[in-house]
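Below is one structure, written out as structure tokens, with a few remarks after it.
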Amino acid sequence: MFSNQTSITKFDILPNEILLEIFEYLPTVNIFEIFFYLNPRYNRLLLSIRLRIDLLNISKQVFDFYNYSLFPIASQCIISLRCEDVFDRLIHHIHLSNFISLEYLTITNIKKSTLQYIIPYLNKFTNLIYLNLQISTGLINNELYFEESMPSIEKCILNFNKRIIIEGNQCYSNLKYLTINQYHINDLLSFLHIYTPQLRHLTITLNDEYNSKQLLPKIENKHSLESLIIKECHIPFSRIEQLILISLPYLKRLHINAIGIDYADGRQWQRVLSTYFPCLIKFKLYITFPEEDASTPILRTQLLKTFETIYFLSHNWYFAFLHHPSSSNIDLFSLPLFNNKIHANLYDTYIEKTINDINIFENINELSLFLTNSNEYLKLSKSCFSNVKNLKLISRFHFNERQPRTLFVDISNLIIFSKLESIEFIGNYFPSTSFILLDYTTKLQSLSISFLNLIQMTKTLTDQHICQQLTKLIKHLKITSINDVSNFAMFERLPLVFCHLESLSLSLINPKDLYTLIVLILQKMAPILKTLNLSIEGHIHEVIILKEFMSWLISYLYSHDLEKVDVKQTDDQIYFCF
């Protein structure tokens, strides 16, 4: 007893500077749970900390502590907030107006109603220098008006799938970095001059549809933009050149991801780059066009030759083609490939390039690999996907089709299994021995697989060795195409095998199976899960079925002491937070 008291006394006499240094290494929740209300000194000390709050992927218990205990006493100390728009928390629980010191704000999966609620608050954050708003993928694609003043903003990411219209008299004079989607190409140059005169780095997707709004006044002046990244561009090359490129003489970095054969002409690019960009240091290109536009090896070679000139070689700018039978398109891109994900066929991927001694795929961390039978040997070089972390295996095998005996040996020649963090099995037919991968994927945490494949590969979760590996590795599990909830042995073993799960996603074929499935899952897995997601796939469900289920579910949760679980229905998905 005396020893413990001495220890506490010694900790108490530490100077504030040392205590603050210790607190830097501890989670915010733990610091306030342990030290706040202990004595006035600790209270003052904790309220002097500039807090960075991350609400992504947390349990309901942790969120409730933030919302009911920490935010009421320390919201003025929070300088950084990261959260997701789930369970209407941003509307009914998190009062953004109290975060008066906020400098960094990131919100993901924003719904339309939440976005309309949040936008008016933005000009109240006078210290805000970083804003990142990621729209929900299901949001309807229409116009969004944005006219909020943010005088301190330096970096802004508005990742919406809506056409954005900037209005008002405000000027974002401190803005240096901007990401914006669906901005009309006719207005871009005027927008840069009027609203963002000091902008240096722009990432954008462009819109060329009819503009019902009056265009901004046309401006002929040059802009001092230094970096331009254009994504998913469907606009003809000539319009990009005339409306944007000719007015950016200070550009040092140009990345373009475009659709169409007219972007695949090296002579055209050489003329534009040498004429308009005397300061250009980096040029990156990723072009996708239909296979019929260059259907023969001769045509593809001719196109590639237009990029194999003294101009490109002198700048160390090299290019390559990639095509395979599983895709109807051909990709032309700069080397090394600057995209972080790609599709390829295990055996029939063809690459032609303007330089040999280079690792084309060194930046790839997400690979979608099509699996087919072929008479060909591997054409891709050994360990070419050496940095892949997320692997999607897409089966193109048919029922009773004989599969390559060396399938996973061949995959191992391309990928370093020990670096994988997630694997997704897509398709119906895989070798029953596919989980041999688990012996080599020491960093694996996430698995996505169909119900049938999980049964076959694990022998209904009875294969002892495989189940031990799954227990040790998997924290995030997604099971698709569940069509037999009467397989009670499978669901009884699920919480035993996946006992370290943090998130579980289940996709059903029949919405009427929701009742049986949710009872099986909640009885066994509610204590270990942070989040659960139920969805109905490939089924035009009746709204009445889900409404009736939600009504039953609320009653079930209350009757089984689970009333504190957050639950929310969105279209054909139901989300739980425990």
Side-chain angles (χ1 to χ4, degrees), residues 57 59-60 84 86-87 109 137-138 392 422-428 430 435 444-458 460-462 466-467 470-471 473-543 545-554 556-557 560 562 565-578:
N57 302 316
S59 67
K60 186 176 186 299
E84 183 180 6
V86 290
F87 308 110
N109 282 329
T137 55
K392 297 182 180 181
S422 74
I423 297 179
E424 184 172 355
F425 292 90
I426 302 174
N428 294 323
F430 287 91
F435 274 162
L444 189 69
Q445 294 188 0
S446 178
L447 173 65
S448 177
I449 189 169
S450 74
F451 187 64
L452 179 61
N453 283 324
L454 183 61
I455 290 174
Q456 291 177 342
M457 293 181 194
T458 64
T460 316
L461 293 178
T462 61
I466 290 176
C467 289
L470 292 172
T471 300
L473 297 170
I474 303 303
K475 294 182 179 180
H476 310 282
L477 175 64
K478 180 177 182 179
I479 306 176
T480 63
S481 303
I482 299 174
N483 59 357
D484 182 15
V485 295
S486 64
N487 191 335
F488 295 114
M490 180 74 173
F491 290 103
E492 283 290 329
R493 291 195 57 78
L494 197 68
L496 300 177
V497 174
F498 297 98
C499 57
H500 297 140
L501 274 189
E502 295 180 4
S503 66
L504 175 62
S505 180
L506 303 173
S507 181
L508 293 88
I509 300 294
N510 187 349
K512 294 182 179 180
D513 289 338
L514 282 167
Y515 295 88
T516 304
L517 183 63
I518 197 63
V519 170
L520 291 170
I521 296 301
L522 289 180
Q523 285 180 348
K524 301 292 184 179
M525 304 195 73
I528 64 173
L529 287 174
K530 288 183 179 178
T531 60
L532 169 66
N533 177 23
L534 299 179
S535 63
I536 303 165
E537 65 181 57
H539 186 91
I540 304 176
H541 61 273
E542 298 180 23
V543 176
I545 293 177
L546 283 182
K547 284 187 176 180
E548 290 176 350
F549 172 73
M550 286 298 295
S551 177
W552 171 87
L553 177 62
I554 298 301
Y556 179 86
L557 292 175
H560 290 77
L562 294 169
V565 175
D566 276 339
V567 58
K568 177 76 173 178
Q569 177 199 338
T570 305
D571 296 328
D572 59 353
Q573 298 196 52
I574 301 173
Y575 301 91
F576 297 78
C577 185
F578 299 92

Side-chain contact test, heavy atoms from C-beta onward, threshold under 4.5 Å: evaluate it for [X] versus [Y] and give yes or no.
X	Y	value
Phe549	Gln569	no
Leu520	Phe488	yes
Ile536	Leu514	yes
Val86	Asn109	no
Val567	Met550	yes
Ser481	Ile509	yes
Ile482	Asp513	no

Starting from the C-alpha separation in whole Å, work towards a yes-or-no answer on side chain to side chain contact (heavy atoms under 4.5 Å, CB included) for Met457 and Ile449.
CA-CA 10 Å; Met457 293 181 194; Ile449 189 169; 3.7 Å; yes
Minimal non-hydrogen separation, [X] against [Y], with atom names:
X	Y	value
Thr458	Leu454	OG1-O, 2.5 Å
Val565	Phe576	CG1-CD2, 4.1 Å
Gln573	Tyr575	OE1-OH, 3.3 Å
Cys577	Ser59	SG-C, 4.0 Å

For the pair Phe491 and Phe451, evaluate ring-ring contact (aromatic ring centres under 6.0 Å, His included) and give the outcome as yes or no after the intermediate values.
CA-CA 11 Å; Phe491 290 103; Phe451 187 64; 5.7 Å; yes
Within 6.0 angstrom of Asn57 CG, more than 12 heavy atoms from elsewhere
no
Under 6.0 Å from the NZ atom of Lys524, do we count more than 12 heavy atoms belonging to anything else shown?
no
Can you list, pair by pair, the side-chain donor-acceptor contacts under 3.5 Å of residues 493-507, counting residues two or more places apart and other chains?
from, atom 1, to, atom 2, distance (Å)
Arg493, NE, Leu461, O, 2.3
Arg493, NH2, Leu461, O, 3.1
His500, ND1, Thr471, O, 3.1
Ser503, OG, His476, ND1, 2.7
Ser507, OG, Glu537, OE1, 2.5

Measuring from [X]:[atom1] to [Y]:[atom2], what's the distance to the nearest 0.5 Å?
X	Y	atom1	atom2	answer
Leu508	Ile479	CG	CD1	10.0 Å
Thr531	Asp566	OG1	CG	12.0 Å
Gln445	Lys475	CD	NZ	5.0 Å
Ile423	Leu444	CD1	CG	5.0 Å
Leu447	Ser422	CG	OG	9.5 Å
Asn533	Lys568	CG	NZ	14.0 Å

Would Tyr556 and Val519 satisfy side chain to side chain contact (heavy atoms under 4.5 Å, CB included), going step by step from the backbone distance to the final call?
CA-CA 9 Å; Tyr556 179 86; Val519 170; 3.9 Å; yes
Donor-acceptor contact present, side-chain Asn453 to main-chain Gly427, <3.5 Å:
yes
Decide if the gap between the ring center of Phe430 and the ring center of Phe435 is smaller than 6.0 angstrom.
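No, ring centres 6.0 Å or more apart.
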Apply the test side chain to side chain contact (heavy atoms under 4.5 Å, CB included) to residues Ile455 and Met490: give CA-CA distance (whole Å), side-chain angles for both, the deciding distance (0.1 Å), then the verdict.
CA-CA 8 Å; Ile455 290 174; Met490 180 74 173; 3.9 Å; yes
Take Phe578 and Leu562 through the test side chain to side chain contact (heavy atoms under 4.5 Å, CB included) and record every step on the way to the result.
CA-CA 9 Å; Phe578 299 92; Leu562 294 169; 5.6 Å; no
